[in-house]
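Indexing begins at 1, ligand by ligand and atom by atom, following the structure's order.
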Amino acid sequence: MANIAKLLAGRAQHVLQVAAKQTQLTPRFFASAANLEFLKHEVTGEKKNVAVITLNRPKALNALCNGLMKELSQTLDAYEKDKSIAAIVITGSEKAFAAGADIKEMQPNTYSQCIMGNLLSEWTRVARCQKPIIAAVNGYALGGGCELAMMCDIIYAGEKAKFGQPEIALGTIPGAGGTQRLTRVVGKSKAMEICLTGNMISATEAEKMGLVSKVLPADQLVNEAVKLGEKIGTHSGLIVQLCKEAVNTAYETTLQEGLKFERRTFHATFSTEDRKEGMTAFVEKRPANFKNN
Ligand code: CAA
């Protein structure tokens, strides 16, 4: 017991150290939007602290080819290191968030090529991002597109969004979390139905299932996602990162271990200036001025 608590305390301390280091880094130069083939990105919001990454491969309904996933990873690397960015929004077009992995690219693959080339290994980057990521889903989020949305922390959907895992109709199965993340979110019966039929579900159904946290008119979707990012950005980036890690731990461990991790992380916040500032500001009836320390 004592060992687990020690391990968890050590992990929380490590997260604090990494986060503190990151907040000291200055933004690095990275490929400008003009250099990117498959996506666009910009920094927006009143305080210019929310990054919006727009998948931009319209002719293929944003099918997630290797090039697109590499560009997404690079862009996330840069925004993760940029201390001025509090949250990241990933979106697509009105017709498609993403219609899945690129079937045409995968079609000639053999089993050994998949293994030797470590197919889909680039995809884990999104789920490893330490900053909050909001998926703003309009149109199709199918296969890898639905999986990409589920790798994000929060999903907002446009009224006409459609989610699904249609891999079964292609003679394969989801390969980037569809059978795992979806099952944890919506439960076995619904996940089975979605994965075994390949049927699409509407935004309203997805919201009912807890896959999506809000359904919005399509033309307001990205703005609302940015507002959400801005709201998160009013808090300490350091503590947001710890909180995200604690919620994600709920997916990785037993309830008892998760609760211990949460408590130790809560205790660890008492070693930060931002915790001191947050509580002092409350007592002094003034807004908190967080410094990510
Ligand atoms: N890969 C490659 N190209 C795709 C694509 C995909 N996943 N989805 C759409 N496209 C291409 C189409 O081939 C078409 O290209 P051409 O004009 O060159 O023919 C173009 O995008 C427009 O698509 P449609 O003409 O099919 O558009 P539609 O409006 O009639 O239908 C759709 C839209 C229902 C989304 C349909 O395109 C579709 O079923 N797409 C495939 C969805 C799918 O099966 N996704 C799972 C992929 S596998 C996967 O993701 C594995 C994993 O777990 C990582």
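Residues T265 and E262 have side chains that never bring a donor and an acceptor to within less than 3.5 angstrom of each other. The closest side-chain donor-acceptor pair between D82 and S84 falls under 3.5 angstrom.
In the vicinity of K95, heavy-atom distances shorter than 4.0 Å reach the ligand 1 atoms 29 (O). Heavy-atom contacts of G175 reach the following atoms of ligand 1: 52 (C), 53 (O) (cutoff under 4.0 Å). Listed by number with element, the atoms of ligand 1 under 4.0 angstrom from any heavy atom of L170 are 44 (O), 47 (C), 48 (S). For ligand 1 and E147, the ligand atoms under 4.0 Å from any heavy atom of the residue are 52 (C), 53 (O), 54 (C). Per-residue contacts place I103 under 4.0 angstrom from the following atoms of ligand 1 (heavy atoms of the residue considered): 1 (N), 2 (C), 6 (C), 7 (N), 41 (C), 43 (C), 44 (O), 47 (C). In summary, the atoms of ligand 1 found under 4.0 Å from a heavy atom of G143, numbered by their order in the structure, are 46 (C), 50 (O). Atoms of ligand 1 found under 4.0 Å from any heavy atom of P174, numbered from 1 in the order shown, are 53 (O).
A salt bridge is defined here as a Lys NZ or Arg NE, NH1 or NH2 lying under 4.0 Å from an Asp or Glu carboxylate O, and R128 with E80 fails to meet this definition.
Scanning the protein heavy atoms around atom 36 (C) of ligand 1, the nearest turns out to be L61 CD1, 4.7 Å. Ranking the protein heavy atoms by distance from atom 38 (C) of ligand 1 puts L142 CD1, 4.8 Å first.
Enclosure of atom OH in Y111 is not indicated, since only 12 or fewer non-hydrogen atoms of other residues, nucleotides or ligands lie within 6.0 angstrom. Summarising the local packing, CD of Q220 is surrounded by more than 12 heavy atoms from other residues, nucleotides or ligands at distances under 6.0 Å.
Residue-ligand proximity: A60 is placed with a non-hydrogen atom under 4.0 Å from ligand 1. At least one heavy atom of M106 sits less than 4.0 Å from an atom of ligand 1.
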>> Could you walk me through whether K276 and E273 satisfy the salt bridge (Lys or Arg N to Asp or Glu O under 4.0 Å) test, starting with their C-alpha distance in whole Å, then the side-chain angles of each, then the deciding distance to 0.1 Å, before giving a yes or no?
In response: CA-CA 5 Å; K276 210 185 286 173; E273 288 300 314; 3.7 Å; yes
>> Show, in sequence, the C-alpha distance, side-chain angles and deciding distance for E230 and K48, and conclude whether the salt bridge (Lys or Arg N to Asp or Glu O under 4.0 Å) test is met.
In response: CA-CA 9 Å; E230 287 183 291; K48 294 276 174 226; over 6 Å; no
>> Let's go through E224 and K231 carefully: what are the C-alpha distance in whole Å and the side-chain angles of both, what is the deciding distance for salt bridge (Lys or Arg N to Asp or Glu O under 4.0 Å) to 0.1 Å, and is it a yes or a no?
In response: CA-CA 10 Å; E224 290 300 317; K231 171 71 194 191; over 6 Å; no
> When you look at N248 and K244, which way does the side-chain contact (heavy atoms from CB on, under 4.5 Å) test go after all the steps?
Replying inline: CA-CA 6 Å; N248 278 335; K244 168 170 166 161; 3.8 Å; yes
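For atom 2 (C) of ligand 1, the protein comes within 4.0 Å by at least one heavy atom. There is a protein heavy atom closer than 4.0 angstrom to atom 21 (O) of ligand 1. Inside a 4.0 Å radius of atom 52 (C) of ligand 1 there is at least one protein heavy atom. Closer than 4.0 Å to atom 25 (O) of ligand 1 lies none of the heavy atoms of the protein. Per-atom contact check: atom 13 (O) of ligand 1 touches the protein, criterion being a heavy-atom distance below 4.0 Å.
Counting heavy atoms closer than 4.0 Å to ligand 1, residue A63 contributes side-chain atoms (C-beta onward) but none from N, CA, C or O. Residue L64 does not touch ligand 1, judged by heavy-atom distances below 4.0 Å. The parts of A101 lying near ligand 1 are both backbone and side chain, judged by heavy-atom distances below 4.0 Å.
The heavy atom nearest to atom 16 (P) of ligand 1, considering only K59, K104, M200, is found in K104. Of the candidates G198, G100, A99, C65, A99 brings a heavy atom nearest to atom 42 (C) of ligand 1.
In the hydrophobic clustering of this structure, V43 groups with I88; members are Ile, Leu, Val, Met, Phe, Trp, Tyr whose side-chain heavy atoms approach within less than 4.5 Å, directly or through other members.
No N or O atom of I173 sits closer than 3.5 Å to an N or O atom of ligand 1. Polar contact check, Y140 against ligand 1: no nitrogen or oxygen pair lies under 3.5 Å apart.
Looking only at distances, no side-chain donor or acceptor of N293 sits under 3.5 Å from a matching main-chain atom of D274. The main-chain N or O of A96 is found under 3.5 Å from a side-chain atom of N62 such that the two form a donor-acceptor pair. When atom types are taken as modelled, the side chain of E147 and the backbone of G178 share a donor-acceptor pair closer than 3.5 angstrom.
Here Q180 contributes atom CD and M150 contributes atom CE; the two are 10.0 Å apart, rounded to the nearest 0.5 Å.
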